[in-house]
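Written below as structure tokens is the structure these notes are about.
A, B, ... follow the sequence lines: proteins, then strands. Residue 1 opens every chain. Bear in mind the structure is a predicted one, so any value in this text is a computation, not a measurement.
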2 protein chains.
Amino acid sequence: MFSIGQLSKATGVKVPTIRYYEEIGLLPQPGRNAGNQRRYGQDGMDALGFIKHARDLGFSLEDIKALMGLDGHLGDDCAEADRIARSQLANVRDRIRKLQQLASELERISHLCDGGNGGCCKVLTALGDHSQCAGDHS
Amino acid sequence: MFSIGQLSKATGVKVPTIRYYEEIGLLPQPGRNAGNQRRYGQDGMDALGFIKHARDLGFSLEDIKALMGLDGHLGDDCAEADRIARSQLANVRDRIRKLQQLASELERISHLCDGGNGGCCKVLTALGDHSQCAGDHS
DNA sequence: TCTTGATGCTCTAGTGACTAGAGGCCCTAC
DNA sequence: GTAGGGCCTCTAGTCACTAGAGCATCAAGA
């Protein structure tokens, strides 16, 4: 049996976050000891590990709820898990593409003023004027 | 003179968002007509355009506040604007790097189950087990 | 057994950057 | 004059936490 603090250390999820997950129904309510403190078993540890890993992979808590609801089921559920994972992948790829456009735009803007201070703040001008931009970020 | 709705259409910033920007002191309070409705001039349009573009580039409202406070000043302020832009660039590059790790991890997980349903939900297993991961995402 | 400091509990409120809705006022075109 | 759209303020909700208050409990050492 683990205390909430031990669980926190083991998984890298902060204590208030664990309580928050419980509050929103993502983690099942654990048992309590005589002093009303939470006591977790291996299943609690596994569930939190699953959540942590999925969060690190960028899944929303809503997605994770769906994925956890599916666990242990068969057939269609697997297709659903796959669908969620693929949609998350598409989402991530899209974010990468957008960020790459931003990076090149920011690079362009940064090069306008190379640290000196001779007649610059073209940085501010560039920020104010989208029409100067090459790509279609946003 | 523009109404808030016209400003919204012209800049692509939603009406409640414009009011929000005003509320937090990012946009100066505009004049009002006899019926207490906001009326903006070209300066308001320019300021909102600046904010919009900077937001699209991923700057936080806090950053934008700093950048706008600097505008029109000299010397050090330019260096400061440059510093903010560069730090934003570093930030964006870092996010790209992390997302690329996530994408490759998600690709790996997605390939575990190619839509079929024969003994799969290795997707769920993979999500639960970080030790299977190649890279050091998170 | 007592004490001390860490850890735990609940509850409320705050973060950033909006978004939604209620309930009412104003403006413009017909 | 009226209809409808736009505008006003205010409150509350979103997501995924984070911080703090004020108190209870636990484990280790004296």
Side-chain angles (χ1 to χ4, degrees), chain A residues 1-27 29-41 44 47-48 50-68 84 88 91-92 95 98 102 138, chain B residues 1-27 29-40 44 47-48 50-68 84 87-88 91-92 95 98 102 138:
Chain A
M1 288 301 209
F2 316 105
S3 72
I4 196 169
Q6 289 170 326
L7 202 65
S8 169
K9 259 188 199 148
T11 59
V13 179
K14 290 184 187 163
V15 168
T17 304
I18 298 174
R19 285 198 277 248
Y20 169 72
Y21 288 162
E22 181 187 324
E23 189 192 326
I24 63 170
L26 194 57
L27 268 183
Q29 300 200 334
R32 303 278 181 139
N33 71 357
N36 196 35
Q37 302 195 343
R38 290 166 179 82
R39 287 296 174 264
Y40 298 88
L48 190 55
F50 180 93
I51 295 170
K52 173 73 161 69
H53 193 198
R55 284 294 295 140
D56 285 345
L57 289 171
F59 289 84
S60 72
L61 295 186
E62 211 48 48
D63 279 343
I64 296 172
K65 216 177 247 182
L67 287 166
M68 291 182 80
I84 293 173
Q88 176 61 12
N91 183 354
V92 167
R95 276 156 68 200
K98 282 194 181 140
L102 293 191
S138 82
Chain B
M1 287 302 207
F2 317 104
S3 71
I4 197 168
Q6 289 170 326
L7 201 65
S8 169
K9 260 188 197 147
T11 58
V13 179
K14 289 183 188 164
V15 168
T17 305
I18 298 175
R19 286 198 276 249
Y20 170 72
Y21 288 163
E22 181 187 323
E23 188 193 327
I24 62 169
L26 195 56
L27 268 181
Q29 300 199 333
R32 303 277 180 138
N33 72 356
N36 196 35
Q37 301 194 345
R38 291 167 180 82
R39 287 296 175 263
Y40 298 89
L48 190 55
F50 180 93
I51 295 169
K52 173 74 160 69
H53 193 200
R55 283 295 293 141
D56 285 346
L57 290 171
F59 290 84
S60 72
L61 295 186
E62 210 48 46
D63 279 343
I64 296 172
K65 216 177 246 183
L67 286 165
M68 292 183 81
I84 292 172
S87 118
Q88 177 60 12
N91 183 355
V92 167
R95 276 156 67 199
K98 280 194 183 139
L102 293 190
S138 82

As a test of reading the structure: which of [options] is closest to the side chain of [X], going by heavy atoms?
X       : options               : value
A/Asn36 : D/dT9, C/dA17, C/dC9  : C/dC9
B/Thr17 : D/dC8, C/dT19, C/dG8  : C/dT19
A/Leu61 : D/dA16, D/dT25, D/dC8 : D/dA16
B/Ser3  : D/dC7, D/dC17, D/dC8  : D/dC7
A/Arg19 : C/dC18, D/dC8, C/dG8  : C/dG8

Could you tell me how far apart [X] ([atom1]) and [N] ([atom2]) are, to the nearest whole angstrom?
X       : N      : atom1 : atom2 : value
A/Ile4  : C/dC9  : CD1   : P     : 5 Å
B/Tyr20 : D/dT9  : OH    : C1'   : 17 Å
B/Glu23 : D/dC8  : CD    : P     : 13 Å
B/Ile51 : C/dG16 : CD1   : P     : 16 Å
A/Lys9  : C/dT7  : NZ    : C1'   : 10 Å
A/Lys14 : D/dC17 : NZ    : P     : 10 Å
A/Gln6  : C/dT7  : CD    : P     : 11 Å
A/Ile24 : D/dG13 : CD1   : C1'   : 15 Å

(Q) On DNA chain D, does the nearest nucleotide to A/Tyr21 precede the nearest nucleotide to A/Ala34 from the 5' side, or the other way round? Give the residue. (A) A/Tyr21
Q. Under 4.0 angstrom, heavy atoms only, what part of the nucleic acid is A/Arg38 near: base, sugar-phosphate, or nothing?
A. sugar-phosphate
Taking C-beta and beyond as the side chain, do [X] and [Y] meet within less than 4.5 Å on heavy atoms?
X       : Y       : result
A/Ile18 : A/Tyr40 : yes
B/Arg39 : B/Ser3  : yes
A/Arg55 : A/Leu61 : yes

Q: First locate atom CG of B/Leu26, then atom CE of B/Met68, and finally report the distance between them rounded to the nearest 0.5 Å.
A: 5.5 Å
**Q.** Residue mapping more 5' on DNA chain C - nearest nucleotide basis, B/Arg39 or B/Glu62
**A.** B/Glu62
Q: Please answer whether the main-chain N or O of B/Ile24 pairs with a side-chain N or O of B/Lys65 as donor and acceptor at a distance below 3.5 Å.
A: yes
**Q.** Under 4.0 angstrom between B/Asn33 side-chain N/O and C/dC27 OP1 or OP2
**A.** yes
